[in-house]
Amino acid sequence: MFRIESKADTSSPEFLRNKEEYLKVLNAYRQTLEKIKQGGPEQAVKRHKERGKLLARERIDLLVDRNTPFLELSALAAYDLYNNEFPSAGIITGIGVIHGKETMIVANDATVKGGTYVKESIKKHVRAQEIAMENRLPCVYLVDSGGVFLPEQAQVFPDKYDFGRFFFNQARLSAKGIPQIAVVMGLCTAGGAYVPAMSDETIIVRKQGTIFIGGPPLVKAATGEEVSAEDLGGAEMHTSISGVADHLAVNDVHAIQICRNIFESIGRQEFQELQMQEVKEPFYPPDELYGILPLDLKKPVDSREIIARIVDGSLFHEFKERYAPTIVTGFAHIMGFPVGILANNGVLFGETALKGAHFVELCTSRNIPLLFMQNITGFIVGRQYERAGIARDGAKFVHAVANANVPKFTVIFGGSFGAGNYAMAGRAYEPRFLWMYPSSKISVMGGEQAANVLITVKEDQLRAQGKMLSADERQKMLDTILQKYEHEGSAYYSTSRLWDDGIIDPADTRKVLAMAIAISQNKKYNKTEYGVFRM
Ligand code: COA
């Protein structure tokens with residue numbers, strides 16, 4: 001492979017200015033993350049500790065193997081929603097290593113409204129199980145939850161991917177031989193009682209964990225029976241009388257130790273071989289990305305400059321370099337793992353789509369994971385292009401991406417707009433993981449284009465009635481739409497709603513992608529079958 005020759009002048013004023021501006025954006029993100037990681041209100045954290053309980057993130061730290069990374073997902077879920085009263089949506093999810101085994105961990109944060117679930121918490125829990133299914137990862141549920149956040153019940157209870165989906169998924173995961181382990185460290189009530197009950201193996205902490213379908217107040221109201229929580233669904237009872245739980249722990253630390261012991265008997269069931277290479281650091285340092293990444297999305301960025309700072313040795317075997325230059329395609333390694341990269345380098349034309357589809361076919365036929373680096377305004381528009389069949393060529397690319405059965409990974413490094421999002425493995429195309437940078441943007445089209453479309457439609461309507469927009473009205477409409485798109489297009493807005501798996505620091509891209517590819521090796525890659533390509 002040849003080394004990419006960077007053309008970036010890292011001492012130029014332009015580079016340094018971009019870096020300074022980028023670091024401001026990144027630091028704002030880091031501060032937000034830091035605050036979110038503190039969990040619920042100070043008072044709730046204090047009370048939680050006084051009860052002798054560990055915090056959710058402390059529990060995870062103890063559960064995973066020492067000195068191994070935890071790939072946390074969607075840490076900013078529910079950000080800027082519910083008056084910011086649900087940091088991380090009250091649930092921490094991510095992949096950690098337990099006795100050498102990559103495991104999906106789902107931990108309720110009881111300091112956040114008693115660990116109750118709002119819409120985003122549900123989405124996060126279900127997404128974690130989906131990732132576990134796609135990658136054959138065992139699941140550990142660290143349960144400490146008051147169940148549904150009752151004022152939001154209509155948003156969390158009845159639909160297909162709502163609360164009930166947790167237990168459906170547990171049954172399906174278990175049926176596939178994917179271990180389901182619950183550690184009950186707090187309340188586990190009503191529907192929530194099924195998390196431990198549906199698990200393959202369950203641990204419960206004495207005088208702390210409870211499991212019941214209806215708590216003491218409900219029992220009293222329903223039957224008049226007066227019973228303590230411990231007697232109704234405590235650890236002693238469940239491990240000796242009901243058999244709902246299997247192991248009695250004396251405290252959090254003991255429970256986590258038992259959970260780790262369970263993993264000693266869990267082996268890896270499948271493994272996808274990949275053609276590995278020796279790990280090399282990129283020739284161009286990853287933190288140079290801060291000087292290169294686009295903050296103004298109108299400014300074109302050669303995506304080879306980004307690739308050079310992500311891949312091993314900055315080595316890249318480019319495919320069809322001279323053809324359809326608005327997409328860069330080629331092979332590289334990331335921390336030793338092979339990967340086929342598609343990176344936008346401008347708007348998508350018909351030939352760009354054909355090149356993309358061809359490259360996806362190469363990767364699926366060679367069993368090489370695909371990395372999509374998005375910075376896309378969409379497909380080219382206009383009479384000439386419609387006549388040449390841009391929709392036909394675009395469809396081939398979308399078809400190839402949708403059916404590609406090697407793992408897909410998507411990183412949005414600039415903008416992600418319109419159908420370009422689909423062709424480049426947006427969320428609907430089931431990439432195994434999708435990450436944003438703090439500076440990234442995502443919406444159906446850019447704010448200015450949307451404003452122009454809407455103003456044109458409005459003007460056409462008014463013209464038909466013999467009226468027209470005044471300059472003031474026009475400006476007001478423009479400002480309102482621009483503002484709305486700016487707000488809704490931000491990475492924070494996206495990650496809050498689980499349109500992605502989280503925001504990452506660009507300099508961590510290599511590390512994060514390497515973990516993701518390693519995770520994907522837990523399940524053999526399925527054979528790809530394509531349908532009818534429109535010719
Ligand atoms: N729905 C909405 N809010 C809830 C809630 C629920 N199910 N359970 C707890 N909360 C809220 C509380 O109102 C409180 O809010 P605030 O901080 O704004 O006052 C916050 O969560 C913490 O609750 P609190 O009772 O003070 O904390 P705790 O740690 O002592 O107890 C629980 C937490 C979850 C054990 C306890 O609140 C409880 O038993 N909740 C009811 C659980 C239940 O019956 N759920 C059935 C739903 S299917």
Side-chain angles (χ1 to χ4, degrees), residues 21-45 56-57 72-94 107-128 145 148-156 161-162 295 297 411-417 421 426-427 433-447 450 479-506:
E21 288 304 308
Y22 205 94
L23 286 175
K24 279 187 203 157
V25 173
L26 186 63
N27 285 333
Y29 160 68
R30 285 179 180 152
Q31 278 166 16
T32 307
L33 189 62
E34 201 54 43
K35 191 159 180 295
I36 291 287
K37 286 194 172 178
Q38 288 164 10
E42 222 172 279
Q43 203 47 35
V45 172
R57 283 192 168 80
E72 184 166 345
L73 303 167
S74 300
L76 296 192
Y79 176 74
D80 233 357
L81 294 169
Y82 317 99
N83 298 319
N84 272 321
E85 285 184 320
F86 282 85
S88 296
I91 187 167
I92 292 138
T93 62
N108 301 117
D109 183 349
T111 68
V112 177
K113 297 279 179 197
T116 52
Y117 283 78
V118 286
K119 184 176 168 191
E120 292 69 24
S121 342
I122 303 262
K123 263 186 122 172
K124 215 168 147 174
H125 189 126
V126 170
R127 171 71 185 141
S145 164
V148 160
F149 182 73
L150 291 169
E152 291 284 320
Q153 69 87 19
Q155 305 301 319
V156 295
Y161 294 105
D162 282 349
L295 284 165
L297 294 182
V411 175
I412 301 178
F413 73 90
S416 177
F417 302 112
N421 166 288
R427 193 63 147 178
F433 295 96
L434 186 151
W435 285 287
M436 307 272 284
Y437 289 163
S439 52
S440 309
K441 299 264 185 294
I442 181 165
S443 53
V444 65
M445 57 177 82
D479 292 344
T480 311
I481 299 164
L482 281 181
Q483 214 175 20
K484 181 175 162 66
Y485 269 70
E486 185 63 27
H487 174 60
E488 294 181 357
S490 89
Y492 290 91
Y493 193 92
S494 165
T495 211
S496 170
R497 287 155 183 81
L498 281 287
W499 298 345
D500 53 59
D501 293 305
I503 296 177
I504 58 170
D505 179 339

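For this chain, numbers begin at 1 and follow the sequence in order. As a basis for the values below, the full set of heavy atoms in this structure was taken, side chains included, without hydrogen atoms, waters or symmetry mates.
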- Under 4.5 Å between any side-chain heavy atoms of Tyr22 and Leu295, yes or no? yes
- For the pair Lys24 and Glu21, find out whether any cationic side-chain nitrogen is under 4.0 Å from an anionic carboxylate oxygen. yes
- Query: Quick check: does any side chain N or O of Asp501 sit under 3.5 Å from a backbone N or O of Leu73, one acting as donor and the other as acceptor?
  - Reply: no
- Where do Ser496 and Glu120 come nearest, in terms of heavy atoms and distance? O-CG, 3.4 Å
- Task: Check the pair Met436, Thr495 against side chain to side chain contact (heavy atoms under 4.5 Å, CB included), reporting the backbone distance first and the verdict last.
- Result: CA-CA 8 Å; Met436 307 272 284; Thr495 211; 5.7 Å; no
- Message: Minimum heavy-atom separation for Val156 and Asp162, please, with both atom names.
- Response: O-CB, 2.9 Å
- Check Trp499 against Lys123 and note the closest heavy-atom contact, atom names and distance. CD1-NZ, 4.4 Å
- Task: Would you check if Phe86 and Leu81 make a side-chain contact, meaning some heavy-atom pair closer than 4.5 Å?
- Result: no
- Item | Listed partners of Tyr437 passing ring-ring contact (aromatic ring centres under 6.0 Å, His included), at least two apart | none
- Do the ring planes of Tyr493 and His487 sit parallel (below 30°), tilted (30 to 60°) or perpendicular (above 60°)? perpendicular
- Message: Minimum heavy-atom separation for Asn108 and Ala56, please, with both atom names.
- Response: O-CB, 3.6 Å
- Side chains of Asn27 and Arg30: closer than 4.5 Å at any heavy-atom pair? yes
- Query: Any sub-3.5 Å donor-acceptor pair from Ser440's side-chain atoms to Ile412's backbone N or O?
  - Reply: yes
- Looking at side-chain heavy atoms only, is the closest gap between Tyr29 and Ser439 below 4.5 Å? no
- Item | Over all atoms of both residues, closest heavy-atom pair of Leu434 and Arg427 | CD1-N, 3.6 Å
- Message: Please give me the minimum heavy-atom distance between Leu26 and Pro506, naming the atom from each residue.
- Response: CD1-CD, 4.2 Å
- Message: Between Ser88 (side chain only) and Gly90 (backbone N and O only), is there a donor and an acceptor less than 3.5 Å apart?
- Response: no
- Between the main-chain N or O of Phe417 and the side-chain N or O of Asn421, is there a donor-acceptor pair closer than 3.5 Å? no
- Residues which pass ring-ring contact (aromatic ring centres under 6.0 Å, His included) with Tyr492, listed by chain and number, not counting sequence neighbours: Tyr79
- Message: If we ignore hydrogens and angles and just use 3.5 Å, is the side chain of Thr111 paired with the main-chain N or O of Val45 as donor and acceptor?
- Response: no
- Query: Is there a donor-acceptor contact under 3.5 Å from the side chain of Lys124 to the main chain of Leu498?
  - Reply: no
- Item | Residues that Phe433 engages under ring-ring contact (aromatic ring centres under 6.0 Å, His included), provided they are two or more places apart | Trp435
- Query: Nearest 0.5 Å, what's the CG-CD1 distance between Asn84 and Ile36?
  - Reply: 6.0 Å
- Query: Is there a side-chain contact between Ser74 and Arg127, using heavy atoms and a 4.5 Å cut-off?
  - Reply: no
- side chain to side chain contact (heavy atoms under 4.5 Å, CB included) between Gln155 and Val118, worked out: CA-CA 7 Å; Gln155 305 301 319; Val118 286; over 6 Å; no
- Item | Pair Glu152-Ser121, side chain to side chain contact (heavy atoms under 4.5 Å, CB included): steps then yes or no | CA-CA 12 Å; Glu152 291 284 320; Ser121 342; over 6 Å; no
- Item | Nearest-0.5 Å distance, CG of residue Leu33 to CD1 of residue Ile503 | 9.0 Å
- Task: Could you tell me whether a side-chain N or O of Lys441 sits under 3.5 Å from a main-chain N or O of Gly446, the two making a donor and an acceptor?
- Result: no
- Examine Tyr82 together with Phe149 and report whether their ring centres are nearer than 6.0 Å. no
